[in-house]
Engineer: 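I'd like to ask some things about the structure below.
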Protein chains: 2
Amino acid sequence: MARRLNLEEIGRRAGVSRSTVSRVVNDDPNVSLKTKKRVEAVITETGYRPHAAARSLALNSTDVLGLVIPSAVETLFADPYFGRLIFGISRATNEVQMTLTLFLFGDVPDEESIISRVVSPGLVDGVIVTATTMGDPLIDYLRGAEMPFVVIGRPDDGGPVFSVDVDNRGGARAAALHLANLGRRRMALISAPANTSAGVDRTSGFLDGLAESDLDLEGRIREGDWTEGSGRAAMEELLADQPDAVFAASDRMAVGAMSAIRAAGLRCPEDVGVVSFDGLIAPDQTSPPLTSVVQPVRKVGERAVKLLKAVVDDTVALPECIVFPTELAVGGSCGALPEKVL
Amino acid sequence: MARRLNLEEIGRRAGVSRSTVSRVVNDDPNVSLKTKKRVEAVITETGYRPHAAARSLALNSTDVLGLVIPSAVETLFADPYFGRLIFGISRATNEVQMTLTLFLFGDVPDEESIISRVVSPGLVDGVIVTATTMGDPLIDYLRGAEMPFVVIGRPDDGGPVFSVDVDNRGGARAAALHLANLGRRRMALISAPANTSAGVDRTSGFLDGLAESDLDLEGRIREGDWTEGSGRAAMEELLADQPDAVFAASDRMAVGAMSAIRAAGLRCPEDVGVVSFDGLIAPDQTSPPLTSVVQPVRKVGERAVKLLKAVVDDTVALPECIVFPTELAVGGSCGALPEKVL
DNA sequence: CTTGCCTTTGGGAGCGCTCACAATATAGAG
DNA sequence: CTCTATATTGTGAGCGCTCCCAAAGGCAAG
């Protein structure tokens, strides 16, 4: 009665052997049509489903991918970026008929136990790592455990890894050039944490663009922590230096900056132009709509999954770094009229 | 050389049997200290980690929980609710030393393949289901597959299920009473989708509160879809009826409503008071700060995990429905002075 | 020295699956 | 009708782990 449903049992009921049932389940063409029908009937009737763990053990492959976010403090999660990324990765994972498991680090005590699960064999076939900070030991753990992985972002050290990133530097540079073209001269920067590759790249890209325009920050720079609150605080300080434009390294920080500008009785874009990075805020969510460097978050997620699958299947030769271009989406916050979009 | 690391191999190197190594790995006290040390040394030295799938097969338990969100359209994901919920669940899962896998339904083609994975044995020990719509067949699939599950929200039909919910009805009622106490008389409602239990409960709770105050909506009701845009559109329509207050069934919709109020040249709270549900928006993110019915999202997630674990471990008798209370957090948007908080 | 008890260790079987290969059935050609 | 070639099915072994029980070792009491 309480006999566990397995290949043997299905075979018994259909009058065939375990192998034949296995063939049917796995769409092996070497089964006669008649047998196949019979077995399929029994499977539907019993509601049999193969045991995933047994399959994983035999195949030494789980069809599960992991997504590791080592610095998932709750505030960080308020950023729409992660929702979007998780969504994109999840979709792509579904598309290749795999399952996604999530490793979010809360506080330090978790860490060790999570890492040990991440790298333990037989749980996931490979992992996507994102939001790492410079010098994060996780990468080395993964290497040591021979767990296939793909990094979203730019890996910190020179070691060869597979990675998917966006052109943070180019995007930030475009933001600077755009503001310079609009005649802004006293620009300010709300940068992202310098212990992340995105933070570093966006800052240096913005400085590149300024330099090309013969401009300089002259100290009008504050580091935020991706949050709206930090953007607001940074802007409040920066306003003392009377900038005529500000580049915030993330949408959330830009929203904070805009509220600080408004609170100071200044107008955006007339008094202070704002350009941000991410492109995740819908035009009708801020007024004026944010001009932002758009990064293709979903594409990044999808590409990361495809790349990881290739790494797992060993169908890719050398570590490759894929970099997606970014694009400036002009709203009203920078002072350009939407009609004047290049 | 390329000998796979397993219990047998570790045992060979430590001069003991696979059973002894297993005992060491699982902290079985029946091992002499000397042996234990020796085995542990080999384990550290080799970086051995037990094979999760093999373990799962032998134990018939995976230590993995699933989180199923069957209606994860991308827009839905823009709501801070899900980020918060996923975070809470993830933390709680880590705390009990388990792993979380995510089943997000994208579009319909995914569905079947995802469901079949959700209910397939050996992948997860149980699942938490949230954001279901009325009549979602998923619940029946889970029942049929004998997969332990816990629903977040109120299950649609009468069938006995384990569930964790918040007091949507009581919270919405409190919102109505609060506004009525402040002297508002022409209230409007931006409701959440009527095919969700939260939508239904928040609407009926609000109506309860109005009735107790001898008030009526008189048709000033529009259904939103949780998004900011839908809140804005709903408010634009409702303004024609000149309401003096509005209750939006979610924070996001309230933010949309506030922007519609502002766009119409009206003031909040003076002309139209606003109360929302969720309590996920920081006070400094809107001006004036939102008065909102706070639901303990993280607690809900944590409780769901604990309950599911109890169901999986079979340490709980009858299906129980846990309902968390909600609490009105008074900001400025309703017209009450923060000092006047009851 | 023997006996019995408790601690510690080892070996067999089995979890449900896949794979390789052997065995059988089927069919077509001679 | 026999013989091979091919299509189809069954069997054994093994993936790495846990559990159960038997075997071995240690120790104190008789």
Side-chain angles (χ1 to χ4, degrees), chain A residues 2-40 42-43 46-64 116-117 119-125 145, chain B residues 2-40 42-43 46-64 116-117 119-125 145:
Chain A
R3 190 174 203 138
R4 195 108 183 39
L5 234 39
N6 55 24
L7 285 183
E8 200 82 49
E9 172 66 11
I10 300 297
R12 207 183 54 74
R13 299 198 193 193
V16 296
S17 76
R18 153 179 121 260
S19 299
T20 302
V21 182
S22 169
R23 278 185 271 261
V24 171
V25 169
N26 296 299
D27 279 325
D28 187 321
N30 298 327
V31 185
S32 73
L33 193 63
K34 210 174 67 180
T35 314
K36 184 172 169 168
K37 293 269 184 209
R38 190 149 34 95
V39 172
E40 276 172 346
V42 176
I43 290 178
T46 54
Y48 165 77
R49 308 218 174 249
H51 194 284
R55 193 167 224 268
S56 298
L57 178 59
L59 288 174
N60 194 29
S61 136
T62 62
D63 278 2
V64 176
S116 99
R117 268 179 288 139
V119 301
S120 91
L123 219 204
V124 297
D125 288 343
Chain B
R3 189 174 202 137
R4 193 107 185 37
L5 275 186
N6 55 24
L7 286 183
E8 200 82 49
E9 172 67 11
I10 301 297
R12 207 183 53 74
R13 299 196 191 192
V16 296
S17 76
R18 99 187 162 280
S19 298
T20 301
V21 182
S22 171
R23 277 185 270 262
V24 171
V25 169
N26 296 299
D27 278 326
D28 186 321
N30 297 327
V31 184
S32 73
L33 193 63
K34 211 174 66 180
T35 313
K36 183 172 167 165
K37 293 268 184 212
R38 189 149 33 94
V39 172
E40 276 172 347
V42 176
I43 289 178
T46 54
Y48 165 78
R49 308 215 174 253
H51 193 283
R55 195 167 222 267
S56 298
L57 179 59
L59 288 174
N60 194 29
S61 137
T62 62
D63 278 2
V64 176
S116 99
R117 267 179 288 139
V119 300
S120 91
L123 219 205
V124 297
D125 288 343

Engineer: Below the 4.0 Å mark, does D/dG16 have OP1 or OP2 next to a side-chain nitrogen or oxygen of B/Arg4?
Structural biologist: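 Yes.
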Engineer: What distance do A/Thr20 atom OG1 and A/Ile10 atom CD1 have between them, rounded to the nearest 0.5 Å?
Structural biologist: 13.0 Å
Engineer: Could you check how far CD of A/Glu8 sits from C1' of C/dC15, rounded to whole Å?
Structural biologist: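 Distance check: A/Glu8 CD to C/dC15 C1' gives 13 Å.
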Engineer: Does B/Arg55 place a side-chain N or O at less than 4.0 Å from the phosphate oxygens OP1/OP2 of D/dT18?
Structural biologist: yes
Engineer: On DNA chain D, check which nucleotide each of B/Ser19 and B/Ala53 is closest to and give me the residue with the more 5' one.
Structural biologist: B/Ala53
Engineer: Has the side chain of B/Asp125 got a donor or acceptor atom that lies under 3.5 Å from a matching backbone atom of B/Thr62?
Structural biologist: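 Here the side-chain-to-backbone pair exists.
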Engineer: Any donor and acceptor pair, going by atom type alone, linking the side chain of A/Arg38 with main-chain N or O of A/Ala14 inside 3.5 Å?
Structural biologist: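 Judged by distance alone, yes, a pair lies under 3.5 Å.
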Engineer: Any ion pair linking B/Arg12 and B/Glu8 (charged N to carboxylate O, less than 4.0 Å)?
Structural biologist: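 A salt bridge is absent here (no side-chain N lies under 4.0 Å from a carboxylate O).
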Engineer: Just the rounded figure in Å: distance from C1' of D/dC17 to CG of B/Leu5.
Structural biologist: 15 Å
Engineer: Does this structure show an ion pair linking A/Lys37 with A/Glu40, if we count only N-O contacts that are shorter than 4.0 Å?
Structural biologist: no
Engineer: Starting at atom CG of A/Asp63, determine the distance to atom C1' of C/dT18, rounded to an integer number of angstrom.
Structural biologist: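 After rounding, the gap between these two atoms is 14 Å.
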Engineer: List in numerical order all residues of residues 21-36 of chain A for which some heavy atom is under 4.0 Å away from an atom belonging to DNA chain C.
Structural biologist: A/Ser22, A/Asn26
Engineer: Give the rounded distance in Å between these two atoms: CG of A/Leu123 and P of D/dC17.
Structural biologist: 13 Å
Engineer: Identify which nucleotide among D/dG10, D/dC17, C/dC17 has an atom closest to any side-chain atom of A/Pro50, counting heavy atoms from C-beta outward.
Structural biologist: C/dC17
Engineer: Given atom CZ of A/Arg18 and atom P of C/dG14, what is their separation to the nearest angstrom?
Structural biologist: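 Distance, rounded to whole Å: 13 Å.
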Engineer: Quick check: closest heavy atoms across A/Arg23 and A/Val31, and the distance to 0.1 Å?
Structural biologist: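 Closest approach of A/Arg23 to A/Val31: CB-CG2, 3.6 Å.
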Engineer: Rounded to the nearest angstrom, tell me the gap between atom CG in B/Leu7 and atom P in C/dG10.
Structural biologist: 13 Å
Engineer: Would you confirm whether A/Ser56, through its side chain, and A/Ala52, through its main-chain N or O, come within 3.5 Å as a donor-acceptor pair?
Structural biologist: yes
Engineer: Which helical stems does DNA chain C take part in, if a stem means at least 3 consecutive Watson-Crick or G-U pairs with both distances below 3.5 Å?
Structural biologist: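 Stem list for DNA chain C: C:1-30 with D:1-30.
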Engineer: For A/Val42, does its backbone N or O pair with a side-chain atom of A/Thr46 as donor and acceptor, under 3.5 Å?
Structural biologist: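 A pair under 3.5 Å: yes.
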Engineer: How would you label the contact of B/Leu57 with the nucleic acid (heavy atoms, under 4.0 Å): base, sugar-phosphate, or nothing?
Structural biologist: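 Base contact.
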Engineer: Under a 3.5 Å threshold, yes or no: a donor from one side chain and an acceptor from the other, between A/Asn26 and A/Arg55?
Structural biologist: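 Looking only at side-chain atoms, A/Arg55 and A/Asn26 do form a donor-acceptor pair, the distance falling under 3.5 Å.
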Engineer: Could you tell me the separation between the CD1 atom of A/Ile10 and the C1' atom of C/dT18, rounded to a whole number of Å?
Structural biologist: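 In whole Å, C/dT18 C1' lies 17 Å from A/Ile10 CD1.
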Engineer: Rounded to whole angstroms, how far apart are CG on B/Leu59 and C1' on D/dC17?
Structural biologist: 8 Å
Engineer: For the side chain of A/Ala58, counting heavy atoms from C-beta on, which of D/dG10, C/dT18, D/dT18 is nearest?
Structural biologist: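 Nearest nucleotide to the side chain: C/dT18.
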